[in-house]
Amino acid sequence: MTSVQVDKQHDGDEAADTVSGEGYHRALGARQIQMIAIGGAIGTGLFLGAGKGISIAGPSLILAYAAAGLVIFFIMRALGELLMYRPVSGSFSEYAREFMGPFAGFVTGWTYWLFWVVTGITEVTAAATYMTYWWDIPQWLSALVFTVILYGANLISVKLFGELEFWFSMVKVTAIVGMILICAGILTIGFSDAGDTASVTHLWDLGGFFAGKDGIYSTLMTLQMVMFAFLAVELVGVTAGESKDPKTVLPKAINTVPWRIAVFYVGALIMILSVVPWTEFKPGVSPFVAAFEKMGLGVGAAIVNFVVLTAALSSCNSGMYSTGRMLRDLALNGQGPKVFTKLTRSGTPLIGTTFSAALMMVGVWINYQWPGEAFNYVVSFATISGMWAWIAILICHIRYRAKADRGELPESSFKAPGGVWLSAFALAFLALVIVTMGMDEGNRVALYGAPVWGLVLAVSYLVLKARNPQGAAFVKRS
């Protein structure tokens, strides 16, 4: 029985059940879902990556984050409409399977799984690197300990995963809010070493708002790293099958996207760039560290190191969670090994999570043995594979809305504003981001890798279909 068939059996009142139609335990409450949604929008892309963006585009990076954030909201509202139509744990691949065809569902599920495996590899390795700030211990040992702890937590129960993510997100939120309040105090009261020079005029009086070397073009070239910072915001959709009340909790979480981005990205950058002139930022240096140093707060580096450690562990924790669910969804639909369908008594996907964690450990070892540009290319590939989930969401939303408007499918209780027009606009924006990646020599290799991955998936799909040509997994749903 596929997850779609199971889901239909339990349609209607399943939000009140302790076990969802997919066999998962509905153990994630509103508090946890809200923090998962917040945490998904805040990661190392902001705490570390923003420094490079500022050095390239100057203050106009704020505009890049604002524009990208608006598009992210369109994507999340499109996802929200689909989730309220049919909330399932393997949401991206399930919707792609229904509205784009079985091959699209196969590609979406496996690509999103790959995205989180690669992200987990990079993040747990980054976490191990951050640990050396305090203790001189082997990097591989820290990576091993973190992976084992997060793996164990994800197998114990989804509630423990939710609690870990809640506190990881709380640390990140507290750090950003604290930075905003400190900067606001400096601008209004003038305390600290930065008090005499801090001014909002830094946003336009040092070469103009578009002060990058190539003006607006420089701003456009930061879009790829800006979108990387937002990757994982869609993770809230994967929690649909394990939310206690998805039809109430998920819309509330999605509707918080605009203010989250406005405060944590746009607000934080406005404050930081008002206190510290953008010309003082350098690639590879966290803007938070630079701001603390400018204020004369020596503990800044230690604080930021702790926060980025938390952000890395949060991302790896999310990877452990989502990869097992994606593999199980693929297996339930005949597009992955049946062994991945096995759940523990607490309702967690045992084999899928274990398989993904094992691959993450192999990646940590590879990164330890052969660090360098090759691994950075893998990170770039993670970006393009993560964006595929957004593309699939938007296409599925457009096709779902067309069917709903014709009366072929029930209307969603959470319609996206602007309908298909804003989804089409978001698709065009993502196309622009992909074009900018092709114009950047450092990220262009990711676009070369995407067709290779697509070829691997196509061959694998054809092999599976040849073994069972009449299987439900390979027949397009009407």
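Atom set for the values below is all heavy atoms of this structure, side chains included, hydrogens, waters and symmetry mates excluded.
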(request) Identify the heavy atoms of Phe74 and Ala426 that sit nearest to each other, and give their distance. (result)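 What the structure gives for the nearest pair is CB-CB, 4.4 Å.
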
(message) How close do Glu234 and Leu79 get, counting heavy atoms only, and between which atoms?
(response)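 Heavy-atom minimum between the residues: O-CD2, 4.0 Å.
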
(request) Evaluate the criterion side chain to side chain donor-acceptor pair (under 3.5 Å) for residue pair Glu94 and Asn333; output intermediate values, then yes/no. (result) CA-CA 9 Å; Glu94 269 295 311; Asn333 284 278; 2.9 Å; yes

Partners passing side chain to side chain contact (heavy atoms under 4.5 Å, CB included) against [X] (at least two apart in sequence or in another chain):
| X | answer |
| --- | --- |
| Ala268 | Ile176, Ile180 |
| Met170 | Met35, Phe166, Trp167, Thr174 |
| Ala128 | Gln139, Ser142, Ala143 |

(request) Might you work through the side chain to side chain donor-acceptor pair (under 3.5 Å) test for Trp116 and Thr323, ending with a clear yes or no? (result) CA-CA 6 Å; Trp116 274 115; Thr323 51; over 6 Å; no

(message) Tell me every residue that passes ring-ring contact (aromatic ring centres under 6.0 Å, His included) with Tyr151, counting only those two or more places apart in sequence or in another chain.
(response)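 With sequence neighbours excluded, Tyr151 shows a ring-ring contact (aromatic ring centres under 6.0 Å, His included) to no residue whatsoever.
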
(request) Go through the structure and list residues passing ring-ring contact (aromatic ring centres under 6.0 Å, His included) with Phe168, not counting sequence neighbours. (result)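 If we apply the ring-ring contact (aromatic ring centres under 6.0 Å, His included) test to Phe168, skipping adjacent residues, there are no hits.
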
(message) Would you call the rings of Trp113 and Phe355 parallel, tilted or perpendicular, taking 30° and 60° as the class edges?
(response)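 Parallel.
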
(message) Does either side chain, that of Tyr85 or that of Glu98, offer a donor lying less than 3.5 Å from an acceptor on the other one?
(response)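 Yes, because at least one side-chain N or O of Tyr85 sits under 3.5 Å from a partner of the opposite role on Glu98.
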
(message) Could you check whether Ser385 and Trp453, counting side-chain N and O atoms only, form a donor-acceptor pair closer than 3.5 Å?
(response)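 Looking only at side-chain atoms, Ser385 and Trp453 do not form any donor-acceptor pair under 3.5 Å.
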
(request) Taking the six-membered ring for Trp and the single ring otherwise, decide whether the centroids of Phe306 and Tyr130 are under 6.0 Å apart. (result)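 So the answer is no for these two rings.
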
(request) Check side chain to side chain donor-acceptor pair (under 3.5 Å) between Glu81 and all other residues, then give those that pass, not counting sequence neighbours. (result)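 Testing Glu81 for side chain to side chain donor-acceptor pair (under 3.5 Å), a comparison that skips the adjacent residues, returns His397, Arg401.
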
